[in-house]
Undergrad: 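Take a look at this one; I'll ask things after.
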Amino acid sequence: EIALFLSQICPENEMLKETLFELLSSPKTLGARGTLLYALSYLDISDAVSVQKISEQLFYGNYECMYKAYHMLLDTLPKLDPDAKAQLRKTVKEHGEMLGERLDMVEDLYDSLQEA
């Protein structure tokens, strides 16, 4: 709650953004990272480092984090410079294949359960 409050009243604070990203990667915040992403959504996350850290939540976060990261990245797209867009495109392609493989395995398992 404090992080969300601070991000709303200090949207230009780079130190706050760095602190929120540190908390986002801390093992102590596992299960509570969605709120940190909501707090980050009030800040400028259009730089390449922020985009990379948000995209990590898209691929490795729980469902809430994945959902929030997806929307944050969509909202940030118009602000990204060409290099940051290219890097994000590369990251999405690399990790998207992995997620597609996982989805295929889940679908195969589901089909096998239907047959068993």
Undergrad: Evaluate the side-chain proximity of V92 to L73: yes if any heavy-atom separation is below 4.5 Å, no if none is.
TA: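 Result no, sub-4.5 Å side-chain heavy-atom pair not found.
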Undergrad: Is there a chain of hydrophobic side chains (I, L, V, M, F, W, Y, each step under 4.5 Å between heavy atoms) that links V49 to V51?
TA: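 Hydrophobic grouping puts V49 apart from V51.
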Undergrad: Kindly compute the distance separating CZ (R33) from CG (L20), expressed to the nearest 0.5 Å.
TA: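 Going from the CZ atom of R33 to the CG atom of L20 covers 13.0 Å.
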Undergrad: Under a single-linkage definition using a 4.5 Å side-chain heavy-atom cutoff for Ile, Leu, Val, Met, Phe, Trp and Tyr, are L74 and Y67 assigned to the same hydrophobic cluster?
TA: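 Linked within one cluster.
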Undergrad: Are any non-hydrogen side-chain atoms of Q87 and T91 less than 4.5 angstrom apart?
TA: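 Answer yes - side chains close enough.
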Undergrad: Are L40 and Y63 linked, directly or through intermediate hydrophobic residues, by side-chain heavy-atom contacts shorter than 4.5 Å (ILVMFWY only)?
TA: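 Same cluster: Y63 reaches L40 through Ile, Leu, Val, Met, Phe, Trp or Tyr contacts under 4.5 Å.
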Undergrad: Is the closest side-chain heavy-atom distance between E94 and M98 below 4.5 Å?
TA: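 Result no, sub-4.5 Å side-chain heavy-atom pair not found.
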Undergrad: Which heavy atom of M72 sits nearest a heavy atom of I54, and at what distance?
TA: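 Reported closest heavy-atom pair: CE-CD1, 3.6 Å.
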Undergrad: To the nearest 0.5 angstrom, please state how far the OH atom of Y60 sits from the OG atom of S55.
TA: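 Taking OH in Y60 and OG in S55, the distance rounds to 9.0 Å.
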Undergrad: To the nearest 0.5 Å, what is the distance between CG on D83 and NZ on K85?
TA: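 Taking CG in D83 and NZ in K85, the distance rounds to 11.5 Å.
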Undergrad: Taking side-chain contact (heavy atoms from CB on, under 4.5 Å) as the definition, give me every residue that meets it alongside T76, ordered by chain and number, with sequence neighbours left out.
TA: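 Once residues adjacent in sequence are excluded, the partners of T76 under the side-chain contact (heavy atoms from CB on, under 4.5 Å) criterion are I45, S46, L80.
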Undergrad: Rounded to the nearest 0.5 Å, what separates atom OG1 in T19 from atom CG in L23?
TA: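 Here the rounded value is 7.0 Å.
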Undergrad: In the structure I gave you, are the side-chain heavy atoms of L109 and V106 within less than 4.5 Å of one another anywhere?
TA: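 A side-chain contact is absent here, since even the closest heavy-atom pair is not under 4.5 Å.
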Undergrad: Measuring only between side-chain heavy atoms, which start at C-beta, is L24 closer than 4.5 Å to L37?
TA: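 Yes. Closest side-chain heavy atoms under 4.5 Å.
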Undergrad: Which atoms form the tightest heavy-atom contact between G34 and C65, and what is the distance?
TA: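 Of all heavy-atom pairs spanning G34 and C65, the closest is N-SG, 3.6 Å.
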Undergrad: Could you give all pairs that pass the salt bridge (charged side-chain N to carboxylate O under 4.0 Å, His left out) test and reach residues 47-73, with sequence neighbours left out?
TA: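 Listed once each, the pairs are K17-D47.
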Undergrad: In chain order, what residues pass the side-chain contact (heavy atoms from CB on, under 4.5 Å) check against Y110, with sequence neighbours excluded?
TA: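 Applying side-chain contact (heavy atoms from CB on, under 4.5 Å) to Y110 gives Q114.
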Undergrad: Out of curiosity, Q57 CD to N62 CG, how far, rounded to the nearest 0.5 Å?
TA: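 With rounding to 0.5 Å, CD (Q57) is 8.0 Å from CG (N62).
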Undergrad: Over all heavy atoms of both residues, which pair between G96 and F59 is shortest? Give the atoms and the distance, please.
TA: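 In terms of heavy atoms, the two residues are closest at N-CE2, 4.2 Å.
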